[in-house]
Amino acid sequence: MHLMKLAAALLALLAISLAPASSFAQSAQPGLTPPTFNQPGGTDPFSFQQSEPTRVVRTEPQHGLRHAARKRRVVHHQKLDTRAKRAKRETQENVQTIAIGQGYKKVSELVQFPAFFPGLGIIYVKPDTLPLGPFLCFDRRKRLVATVYMVPIKDIDDHKTFDGTAPAFAPKVDHTTMYFNAGHPGVDVPHYHIVLWHVSKDGEQRVAQ
């Protein structure tokens, strides 16, 4: 009896010890793929997927756009310069119109005198101011270049007061010259030309011939 009980107990222990091995064998049956780690296509619970760093792309204006913008600025400045020159030219031409409106007449229409006098240009004067003036001298493009007073030597010898200024509508005076003249139609007595130039020394070439 005791031997039978002992044999039954041994069989029970043997069955218990063989159970884990049996379950492990079943898990290894064909058709079941064990999980793989750190292999291509496998799943590693301890690995972290890192995304690529974000790239900051700095955009630069294209050369063509910069060139076009520069060209627009140049054209804009050229237009401003053209407008300024046109306005200046119109203002200079208006001076002659203003002078005529205030009674100035061409000397060549009043006496036997060249229409263009070398060194002074086209000369205008108010008839009632002869012989002293002022005379207004324009170039061939109707620009006022000088205001001239023709002071007889007799007036200088008699110590007469002379106060010669340019008309209010004339441009500012750049420089002044003074020289002797023996006389010419309109002022046929010896006199001095006192010239108030409204242009630079180089600008005198406008009426040189």
Side-chain angles (χ1 to χ4, degrees), residues 70-209:
R70 189 181 303 112
K71 185 176 181 180
R72 285 195 297 269
R73 289 195 297 269
V74 171
V75 171
H76 177 68
H77 288 305
Q78 288 176 343
K79 288 182 178 179
L80 291 178
D81 291 342
T82 301
R83 291 173 185 171
K85 290 178 181 178
R86 185 185 303 118
K88 184 177 181 180
R89 184 174 63 253
E90 290 174 352
T91 300
Q92 291 173 336
E93 292 177 355
N94 286 340
V95 169
Q96 189 181 79
T97 302
I98 293 171
I100 294 173
Q102 293 190 8
Y104 283 83
K105 299 183 182 299
K106 285 184 179 180
V107 173
S108 60
E109 296 176 354
L110 300 175
V111 296
Q112 191 68 28
F113 194 82
F116 186 94
F117 189 79
L120 291 178
I122 304 170
I123 306 175
Y124 285 73
V125 69
K126 288 182 179 181
D128 58 355
T129 64
L130 289 170
L132 184 63
F135 296 80
L136 302 183
C137 304
F138 294 86
D139 64 12
R140 298 184 188 276
R141 296 175 60 182
K142 302 180 180 180
R143 297 174 296 184
L144 180 64
V145 296
T147 298
V148 180
Y149 286 89
M150 302 185 185
V151 183
I153 290 180
K154 185 176 183 305
D155 290 351
I156 297 175
D157 291 339
D158 292 343
H159 300 167
K160 288 186 177 180
T161 301
F162 168 74
D163 184 16
T165 59
F169 55 81
K172 68 178 182 179
V173 175
D174 183 85
H175 64 284
T176 303
T177 59
M178 178 177 174
Y179 56 89
F180 174 78
N181 188 287
H184 52 72
V187 184
D188 54 4
V189 296
H191 59 279
Y192 274 92
H193 286 183
I194 300 177
V195 187
L196 310 178
W197 291 100
H198 302 294
V199 295
S200 66
K201 284 283 188 181
D202 293 337
E204 293 182 20
Q205 298 302 314
R206 296 180 188 175
V207 292
Q209 56 184 5

A.B. asks: Using the side-chain contact (heavy atoms from CB on, under 4.5 Å) rule, take I194 and F162 through it: C-alpha gap first, then chi angles, then the decisive distance, then the call.
C.D. replies: CA-CA 11 Å; I194 300 177; F162 168 74; 3.7 Å; yes

A.B. asks: Under 3.5 Å, is there a donor-acceptor pair between the side chain of Y149 and the main chain of T165?
C.D. replies: yes

A.B. asks: Between Q96 and Y124, is a side-chain contact (heavy atoms from CB on, under 4.5 Å) present by the stated rule, with each step listed?
C.D. replies: CA-CA 9 Å; Q96 189 181 79; Y124 285 73; 3.7 Å; yes

A.B. asks: Of all the heavy-atom pairs spanning A166 and V173, show the shortest one and how long it is.
C.D. replies: CB-CG2, 4.4 Å

A.B. asks: Could you grab the distance from atom NZ of K126 to atom CD of Q102, nearest 0.5 Å is fine?
C.D. replies: 5.5 Å

A.B. asks: Minimum heavy-atom separation for P167 to T147, with atom names?
C.D. replies: CD-OG1, 3.7 Å

A.B. asks: So which atom in W197 and which in A146 form the shortest heavy-atom distance, rounded to 0.1 Å?
C.D. replies: CE3-CB, 3.7 Å

A.B. asks: Is any side-chain heavy atom of L130 less than 4.5 Å from a side-chain heavy atom of F135?
C.D. replies: yes

A.B. asks: What are the two closest heavy atoms between C137 and I123, and how far apart are they?
C.D. replies: SG-CG1, 4.1 Å

A.B. asks: Listing request: all salt bridge (Lys or Arg N to Asp or Glu O under 4.0 Å) pairs with a residue in residues 159-178, at least two apart in sequence or in separate chains.
C.D. replies: D155-K160

A.B. asks: Would you call the rings of F117 and H184 parallel, tilted or perpendicular if under 30° counts as parallel and over 60° as perpendicular?
C.D. replies: tilted

A.B. asks: Between H191 and M150, is there a donor-acceptor pair closer than 3.5 Å when you use the side chain of the first and the backbone of the second?
C.D. replies: no

A.B. asks: Any side-chain heavy atom of L110 sitting closer than 4.5 Å to one from P127?
C.D. replies: yes

A.B. asks: Return the minimal non-hydrogen interatomic distance between F138 and V95, and the atom names on each side.
C.D. replies: CE2-CG1, 4.2 Å

A.B. asks: Please walk me through it: do I153 and F180 pass side-chain contact (heavy atoms from CB on, under 4.5 Å)?
C.D. replies: CA-CA 9 Å; I153 290 180; F180 174 78; 3.1 Å; yes

A.B. asks: Go through the steps for I122 and D139 under the test side-chain contact (heavy atoms from CB on, under 4.5 Å), then give the verdict.
C.D. replies: CA-CA 6 Å; I122 304 170; D139 64 12; over 6 Å; no

A.B. asks: Could you tell me which residues satisfy side-chain contact (heavy atoms from CB on, under 4.5 Å) with V189, sequence neighbours excluded, listed by chain and number?
C.D. replies: P152, V187

A.B. asks: Could you check whether any side-chain N or O of H175 sits under 3.5 Å from a backbone N or O of V199, counting only pairs where one atom can act as donor and the other as acceptor?
C.D. replies: yes

A.B. asks: Is there a side-chain contact between L120 and V207, using heavy atoms and a 4.5 Å cut-off?
C.D. replies: no

A.B. asks: What are the two closest heavy atoms between A170 and L144, and how far apart are they?
C.D. replies: CB-CD2, 3.6 Å

